[in-house]
Trainee: 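Sending over a structure as structure tokens; questions will come in a sec.
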Amino acid sequence: MSADPRAPERPSGNELELRGITKRYPGVVANDRVDLTVRSGEIHAIVGENGAGKTTLMSILYGLIPPDEGEIRLGGEVHRFASPRDAIDAGLGMVHQAFKLFPSLTVAENVVYGDEPRRRGLVDRAKARRDVAAIAAEYGLSVDPARRVEDLPVGVLQRVEIIKALYRDARILILDEPTAVLTPQERDALFVVLERLRERGHTIVFITHKLGEVLALSDRVTVLRDGRAVAELVTAQTDEHEITHHMTGREVALTQRPAERTPGEIRLEVRGLRVEQGDGPPLLDGVDLEVGAGEVLGIAAIAGNGQNELVESLVGLRTPDAGRVVVDGQDITTDTVAARRRAGVAYIPEDRHRVGTAGAASTRDNLLMSYQRESRFQRRRWLDRGAVDEHATRLIDGYRIRVAGLATPVGTLSGGNLQKIVVAREVEHDPGVLIAEQPTRGVDVGAIEFIHERLVEVRDAGAAVLLISAELWELRALSTRIVVLFEGRLVGTFDPRTTDEQTLGLAMTGASQASGAGPGAHR
Amino acid sequence: MLSGLLDVALLDSVMRALIPILLAALGGMICERAGVFQISLEGLMLIGAFAAVAGSFAVGSALVGVLTAAVAGALVSLVLAYGTVTRGGDAIVLGVAINLLALGLTSFLIAQLFGVRGVFQDPGIVGLQRFAIPVLSDLPIVGSALFRLTPIATLALLLVPVLWVWLFRSASGTRLRGVGERPEAAATLGVNPVRTKYLAVAASGVLAGLAGAQLSLGNVVQFSENMSSGRGWIAVVAVLLGRAHPVGVLGACLLFGVAEGIGFRLQGQGLPSQITDALPFVVTLIALAVARRRFKRVLELTAA
Ligand SMILES: Nc1ncnc2c1ncn2[C@@H]1O[C@H](COP(=O)(O)OP(=O)(O)O)[C@@H](O)[C@H]1O
Ligand SMILES: [Mg+2]
């Protein structure tokens, strides 16, 4: 950090106070008498697991949803926001978790939308561009005001959102999980901007569930758990451990050691798998894999090195151009997805919204999906509603899925809860081979721990687990072996106990074609 | 043979076909831009045609007839706005319902109010006057067809550039496009999507109503059952084909206008009217087939 963010001469009035904010949804209390105090000129982090009520609280503050109870005070005065317009007029600006931009409009048009400078009855586009460029220059938010938003990468979109708030003279800037969609470089750039904003006297409310960010950036922290504000901490006087404890209400251990016993018989075997692409080099170029019972094989690869094609070939979303996939001695290379699932292949897909679940379908149906033909869910060839409901209820309880009811469409659930639904469905049907693709991406630390425990259970029950993850610590924590995939080829096998992240990272760039020869690295 | 087709009479019938379609399509375009799929143009036009005749006949003034048509179109269109925007209903189902309602209601009212079946014609109905634009209307051939127009027709043609500038350069037009694209984003900036959509639908009701008035007080001076006869549907296609852009919509409407004009002419030369009447619809089908991809995309956007 450049300057000491906690300099004592900082103005210390309370810029913003929420008192007793309560919001109930059918079956859930999203916010339960939440108090929040944000001081003038500070960066205030709000942390909490998925579904803790962070977004709800901020939406209430911003006038998007009315609270059932409670009041909002700005500079000591009580405000009632009937719409975002009122909140904007009171000096609030919000960067939403899902960006609120118009793709076909330009950056400048997006920024001035609703508060347009005018000339002779029309929008003064030249002035709009100048204003945007001026704000961009002042805060180091580089954007081209004339570009169409649909052509811009997410990092830039976020800058546009921040400029939108500043254009409306926001003194208090709320950012809802701003780093979830950013690359590490974009995140660092954002932090520089936020610090500059603080220097200029802006107050920042920053929502996240990544503790590293909280510690690096914030002055104070409010922790939400199950809709309640459970702690208000001074960042300088706390640590990761304490915050995690408040977030989850228990001790969390994110280290699962790999099983010590040696893997059993081979359950998943891949031979000479090849996937061509038009005129370019093959996407998969003769991949051989063996995964035994009770083993987790980790696959490390930079995005786009063939891991997607490998997974698609295994689960039946793609037919490879050459090679074989064998599960428990049975060749499934050309089988349908349904046949593979009957053969015991389960799949936790990377995209839980589009592939893993059906957003408009109920929680009950999402938990059943693709197992509806099993005899235990049928009675005289019709679905047995009793059995289906019992199954869903059992999983919801067992996985602590926070959802209003069995009939709730899963599209409304937070990311962590949705992921638990996918994991519950795939794991509970006793798979022989589990393909887990980014199983904890974007979920909070409590859910990560929970999902890891389930993966370990599956492993210990004798399944072969293939783990694809962009998080090297996750691969190291769970895998029995790690193989590196580079440009469609396996370029190394590593023992997670003796390999550090640097070595893996280097191998992933194709720098080293040699295998890390740790003990037990080869079968 | 073609050279014989291109003359004053042909230009005139092209314009007669063009104006009602264009007005309705511009209304549909505004809705499309606001994110409401407007397929009740046919019904609104028919209501407008009826209301125009009724208003004009009752008061003896074409102006009153035109205003009645605009108000009637707007009122009926609010059914669509309420159903889709407020209640979240399906725009296609509601649009079809409005079209059926309009057909039944006007057929019923013509019998109830005027005691006739099928056609209501009376010297008491005051039609729209055409007025000549000085100088331009004296041009050979095109002059009298293009520059001796009813006020509604003049308005329709003026609306093309006006809406173009409005949609893309004015604050309210840009806001409307934003609402159509991302209503929730508009809401976070204090622009009310519900209000915007209501206004857009009401505007389309006014324009389709005026299109009807042009049919029943401009092209002819009478009301006949189902006199919109598919023009509203063609307007819906014109919106999609013209990509909801004023110039594109004008182009698409011209295509249909020319097809209808030629059909009319061929009929005069002895072709059976069943064939010539079908011409604009055949053109519609061909245009749709050619633009199928684009059409699908617009539908997807509307659905999203
Ligand atoms: N519109 C809604 N209808 C019903 N339940 C909702 C709605 N919005 C949020 N919830 C529920 O309220 C709780 C808090 O959600 P949210 O504020 O989005 O959490 P966070 O942002 O901390 O992940 C969750 O259990 C969520 O399912
Ligand atoms: Mg959230």
Side-chain angles (χ1 to χ4, degrees), chain A residues 55 58-59 61-65 81-90 92-128 148-150 157 160-161 163-165 167-168 170 174 176 360, chain B residues 29-36 88-90 158-159 161-200 239-240 242-248 294 297-298 300-304:
Chain A
T55 298
M58 291 305 115
S59 304
L61 173 56
Y62 194 61
L64 274 170
I65 50 181
F81 298 146
S83 75
R85 186 76 249 171
D86 297 345
I88 292 169
D89 292 342
L92 262 66
M94 180 145 173
V95 176
H96 298 266
Q97 197 165 1
F99 295 147
K100 308 277 187 187
L101 296 169
F102 308 102
S104 77
L105 302 189
T106 64
V107 168
E109 284 172 326
N110 265 280
V111 170
V112 302
Y113 189 95
D115 294 280
E116 302 84 355
R118 301 189 197 205
R119 205 165 136 251
R120 286 192 264 125
L122 298 179
V123 177
D124 188 343
R125 298 200 289 183
K127 177 161 174 15
R148 261 176 210 262
V149 156
E150 63 196 348
L157 298 185
V160 177
E161 288 282 19
I163 293 173
K164 258 167 75 182
Y167 175 78
R168 291 169 177 74
I174 306 162
D176 193 353
Chain B
M29 173 193 80
I30 294 173
C31 285
E32 181 72 35
R33 288 286 181 176
V36 180
D90 186 311
L158 282 179
L159 271 179
V162 167
L163 286 180
W164 188 6
V165 172
W166 176 73
L167 262 181
F168 295 100
R169 290 297 168 87
S170 78
S172 51
T174 309
R175 288 180 188 187
L176 177 106
R177 286 189 292 137
V179 164
E181 200 169 31
R182 290 288 145 89
E184 67 294 341
T188 60
L189 296 172
V191 172
N192 185 340
V194 173
R195 212 184 68 141
T196 308
K197 289 184 178 198
Y198 263 83
L199 288 174
V239 173
L240 301 175
R243 292 214 219 178
H245 188 288
V247 176
R294 185 180 304 166
R297 207 180 97 77
V298 175
E300 278 163 16
L301 283 179
T302 316

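Just so we're on the same page: letters track the sequence lines, and every chain starts at 1.
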Trainee: Using 30° and 60° as the class limits, which term best fits the ring planes of His245(B) and Phe168(B): parallel, tilted or perpendicular?
Mentor: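 Geometry flag for Phe168(B) against His245(B): parallel rings.
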Trainee: With a 4.5 angstrom heavy-atom cut-off, could you sort out which part of Ala186(B) is near chain A: side chain, backbone, both or neither?
Mentor: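 For Ala186(B), backbone and side chain are both near chain A.
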Trainee: Measure Leu101(A) against the heavy atoms of chain B and call it side chain, backbone, both or neither at under 4.5 Å.
Mentor: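 Backbone of Leu101(A) only, per the 4.5 Å heavy-atom cut-off to chain B.
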Trainee: When you measure from the side chain of Arg33(B) to the backbone of Ala244(B), do you find a donor-acceptor pair of N or O atoms at a distance under 3.5 Å?
Mentor: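 Side chain of Arg33(B) to backbone of Ala244(B): a pair is present.
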Trainee: Side chain, backbone, both or neither: which part of Ser83(A) has an atom under 4.5 Å from a heavy atom of chain B?
Mentor: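 The answer is neither part of Ser83(A).
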Trainee: With respect to chain B, which residue among Gly63(A), Ala87(A), Ala98(A), Gly114(A) yields the maximal number of heavy-atom pairs within a distance under 4.5 Å?
Mentor: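 With the most close heavy-atom pairs to chain B, the winner is Gly114(A).
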Trainee: Output the option from Val112(A), Asp115(A), Leu122(A), Ile88(A) having the highest count of non-hydrogen pairs under 4.5 Å with chain B.
Mentor: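 Top count of heavy-atom pairs under 4.5 Å with chain B: Leu122(A).
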Trainee: List the steps, then state whether side chain to side chain donor-acceptor pair (under 3.5 Å) holds for Thr55(A) with Gln97(A).
Mentor: CA-CA 8 Å; Thr55(A) 298; Gln97(A) 197 165 1; 3.1 Å; yes
Trainee: Assess whether atom CZ of Arg118(A) is packed by more than 12 heavy atoms of other residues, nucleotides or ligands within 6.0 Å.
Mentor: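 Counting neighbours around CZ of Arg118(A), more than 12 heavy atoms of other residues, nucleotides or ligands fall under 6.0 Å, so yes.
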Trainee: With a 4.5 Å heavy-atom cut-off, do Lys100(A) and Met94(A) have their side chains touching?
Mentor: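 Contact flag for Lys100(A)/Met94(A) side chains = no.
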Trainee: Measuring heavy-atom distances to chain B, does Asp89(A) have an atom under 4.5 Å in its side chain, in its backbone, in both, or in neither?
Mentor: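 Interface part for Asp89(A): neither.
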Trainee: Hey, which of Gly178(B), Ser172(B), Gly190(B) has the most heavy atom pairs under 4.5 Å with chain A?
Mentor: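 Sorted descending by pairs with chain A, the first entry is Gly178(B).
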Trainee: Under 4.5 Å heavy-atom distance to chain B, tell me which part of Phe99(A) shows up: side chain, backbone, both or neither.
Mentor: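 It is neither, since no heavy atom gets under 4.5 Å.
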Trainee: More than 12 non-hydrogen atoms from neighbouring residues, nucleotides or ligands closer than 6.0 Å to CZ on Arg85(A), yes or no?
Mentor: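 Yes - once you tally the heavy atoms of other residues, nucleotides and ligands closer than 6.0 Å, there are more than 12.
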Trainee: Taking side chain as everything from C-beta outward and backbone as N, CA, C, O, which of these in Pro103(A) sits under 4.5 Å from a heavy atom of chain B? Side chain, backbone, both or neither.
Mentor: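 Both parts, backbone and side chain.
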Trainee: Give the minimum heavy-atom separation between Pro183(B) and Pro193(B), together with the two atoms involved.
Mentor: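 Heavy atoms of Pro183(B) and Pro193(B) come nearest at O-CG, 3.4 Å.
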Trainee: Flag the one option from Asp86(A), Asp124(A), Leu64(A), Leu105(A) with the top tally of heavy-atom pairs under 4.5 Å to chain B.
Mentor: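 Maximum pair count with chain B is reached by Leu105(A).
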